[in-house]
Each structure stands twice: as C-alpha cells, then as structure tokens.
K.L.:
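This is the structure I want to talk about, given as structure tokens.
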Amino acid sequence: MNFKNCLKMPIEIERKFLVRDQSFKKESSEHYRIVQGFLNKNPHRTVRVRRLKDHGKLTIKGMSSEDGLSRFEWETMLGLQEADDLLKLCEPGIIDKIRYVIPQGELTIEVDEFFGENSGLILAEIELPSTDTVYNRPVWLGSEVTGDIRYYNSYLSENPFNKWV
C-alpha cells in the first residue's frame, strides 16, 4: 500500500500582490501582530511556527505548483507557551508583521505590513476556493507576485527586503 496515496491533502490556493499604498487600512475589519519563525525552510516541506492573537500555529507547507498558485498546507493550533518555546528553536530570521483582514464579499484579503529588516514591504494575499475563482481587485492592490519566491516569508527570513539590491 502506498501511504502517500492514502493522504487527503489540503491544498491552499492563493494569489499574492504588492500593495500600492496604505488606503487598505480603511477597509480592514481587524488587525493583529504575527511573529513567525521557521523550523525548516526546505521548499519541499517548510515548517513554520506563528504567534498571533491569543494562540500559536504550527504549519507545514509543501512545494508550490509551477505557477505558484497552490500547494499542500497542514496546520494545527498551539498554546502561546508552546509557540514561544518553538520560536526559540527556529532558524535565524524571525518575521514580524501586522496582518490586516479585509472582507471582499465571500472572500478575504489579508494584507501584511512587515517590520524589522523587512520594513517597507506590504503584501496582500487572497485565498481562493479554486484557481479560476473571480474576485474584486481593490485599487490599492499592485503588481501580482504569485509564485515569486522572493515574497515567500521563508525567503524573506533569510533575505530581508531591506537588503535587496
């Protein structure tokens, strides 16, 4: 029996964009801080730890599809102490950001404003139920960077935005 075929893998489908300006903040229904580190940055199985709101999360992501639109994602909730303990084990390059949640009908756009060595970078992500889902594109949404690994958090943790040439 092939174990790989027995797994029903949850697939994340999302598009990622640069953000033109700060006007998205007026549309935000909530915002919160995220502190994130990586236990493993291998592109075949990235393992991250997050501390957000009143809990933590452990997430495992698989390799992205060729177009960067989808990949396996599994996550589980952690207590704050568990998240803090695991963050101490993470590789160098902790990500610190504020996430803004912007409702868009049935969908949600999440905008991340980065701090520290990634300050000045603002990225938006929209998770979609399918690759052909139609969505509204707010005027503050800039160039699409879906599939550009430079905008993956794991890449930013090793190659901060402020050190790009």
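Since the model is a prediction, treat every value here as computed from it, not as a measurement.
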K.L.:
Nearest 0.5 angstrom please: E30 CD to E110 CD, how far?
P.N.:
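Here the rounded value is 9.0 Å.
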K.L.:
Indicate the atoms forming the closest heavy-atom contact of A124 with I109, along with that distance.
P.N.:
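Between these two residues, the closest heavy atoms are CB-CG2, 3.9 Å.
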K.L.:
Atom CZ in R150, atom CZ in F161: separation rounded to 0.5 Å?
P.N.:
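Interatomic distance, R150 CZ to F161 CZ, rounded to 0.5 Å: 9.5 Å.
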K.L.:
What are the two closest heavy atoms between P160 and N118, and how far apart are they?
P.N.:
CA-OD1, 3.3 Å
K.L.:
For the pair W164 (side chain) and N159 (backbone), establish whether a donor and an acceptor sit closer than 3.5 Å, ignoring hydrogens and angles.
P.N.:
yes
K.L.:
Determine whether a donor-acceptor pair (N or O, by modelled atom type, separation under 3.5 Å) exists between the side chain of S154 and the backbone of K41.
P.N.:
no
K.L.:
Of all heavy-atom pairs between I102 and S28, which one has the smallest distance, and what is that distance?
P.N.:
CG1-CA, 3.9 Å
K.L.:
Yes or no on side chain to side chain contact (heavy atoms under 4.5 Å, CB included) for Q22 and I122, after CA distance, side-chain angles and deciding distance?
P.N.:
CA-CA 9 Å; Q22 304 264 333; I122 304 175; 3.3 Å; yes
K.L.:
Considering only heavy atoms from C-beta outward, does the side chain of D96 approach that of I94 to under 4.5 Å?
P.N.:
no
K.L.:
So which atom in S64 and which in R71 form the shortest heavy-atom distance, rounded to 0.1 Å?
P.N.:
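Where S64 meets R71 most closely, the heavy atoms are OG-CD, 3.4 Å.
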K.L.:
Do we see a donor-acceptor contact under 3.5 Å between the side chains of Y152 and T46?
P.N.:
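No, no side-chain donor-acceptor pair sits under 3.5 Å.
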K.L.:
Can you confirm whether P129 sits close enough to L107 that some side-chain heavy atom of one is under 4.5 Å from a side-chain heavy atom of the other?
P.N.:
yes
K.L.:
Is there side-chain contact between V47 and L58, with heavy atoms separated by less than 4.5 Å?
P.N.:
yes
K.L.:
For E14 and T146, which heavy atoms make the closest approach, and how far apart are they?
P.N.:
O-CG2, 3.8 Å
K.L.:
Not counting sequence neighbours, list each pair that qualifies as a ring pair (Phe, Tyr, Trp, His ring centres under 6.0 Å) and has a residue in residues 28-59.
P.N.:
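Output for this query lists H31-Y100.
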K.L.:
Would you compute the distance between atom CD of E27 and atom CH2 of W140 and round it to the nearest 0.5 angstrom?
P.N.:
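Taking CD in E27 and CH2 in W140, the distance rounds to 6.0 Å.
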K.L.:
Tell me the closest heavy-atom pair linking E91 and N40, and the distance in Å.
P.N.:
OE2-CA, 3.7 Å
K.L.:
Begin from the C-alpha positions of L39 and L89 and carry the test side chain to side chain contact (heavy atoms under 4.5 Å, CB included) through to its verdict.
P.N.:
CA-CA 7 Å; L39 294 166; L89 299 175; 3.9 Å; yes
K.L.:
Kindly indicate whether the side chain of N153, heavy atoms from C-beta on, has any atom under 4.5 Å from the side chain of R50.
P.N.:
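In contact.
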K.L.:
Heavy-atom count around E66 CD within 6.0 Å, excluding the residue itself: above 12?
P.N.:
no
K.L.:
Suppose the criterion is salt bridge (Lys or Arg N to Asp or Glu O under 4.0 Å): which pairs have a residue in residues 125-136, not counting sequence neighbours?
P.N.:
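Residue pairs passing salt bridge (Lys or Arg N to Asp or Glu O under 4.0 Å), neighbours aside: K16-E125.
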K.L.:
Less than 4.5 Å apart, side chain to side chain, heavy atoms only: is that true for Q36 and S157?
P.N.:
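Answer no - side chains too far apart.
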K.L.:
Kindly determine whether I98 and F115 satisfy side chain to side chain contact (heavy atoms under 4.5 Å, CB included), including the steps that lead there.
P.N.:
CA-CA 8 Å; I98 299 290; F115 298 101; 3.2 Å; yes
K.L.:
Could you check if a side-chain atom of V19 sits within less than 4.5 angstrom of a side-chain atom of L121, using non-hydrogen atoms only?
P.N.:
no
K.L.:
Please round to the nearest 0.5 Å and tell me the distance separating atom CG of L156 and atom CD1 of I149.
P.N.:
10.5 Å
K.L.:
Answer yes or no: is there a donor N or O on one side and an acceptor on the other, between the side chain of R20 and the main chain of V139, under 3.5 Å?
P.N.:
yes
K.L.:
How long is the straight-line distance from OG of S130 back to CD1 of I11, given to the nearest 0.5 Å?
P.N.:
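Result: 13.5 Å between the selected atoms.
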K.L.:
Taking L123's backbone N and O only, do any of them form a donor-acceptor pair with D112's side chain (distance below 3.5 Å, no angle check)?
P.N.:
no
K.L.:
Is N136 atom CG crowded by more than 12 heavy atoms from other residues, nucleotides or ligands, each under 6.0 Å away?
P.N.:
no
K.L.:
For E113, which of R99, K97, K25 qualifies under side chain to side chain donor-acceptor pair (under 3.5 Å)?
P.N.:
K25
K.L.:
If Ile, Leu, Val, Met, Phe, Trp and Tyr residues are connected whenever their side-chain heavy atoms lie under 4.5 Å apart, and connections chain through other members, are I60 and L87 in the same group?
P.N.:
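Same cluster.
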K.L.:
Do F114 and S119 have side chains that approach each other closer than 4.5 Å (heavy atoms only, starting at C-beta)?
P.N.:
no
K.L.:
Would you check if R48 and E75 make a side-chain contact, meaning some heavy-atom pair closer than 4.5 Å?
P.N.:
yes
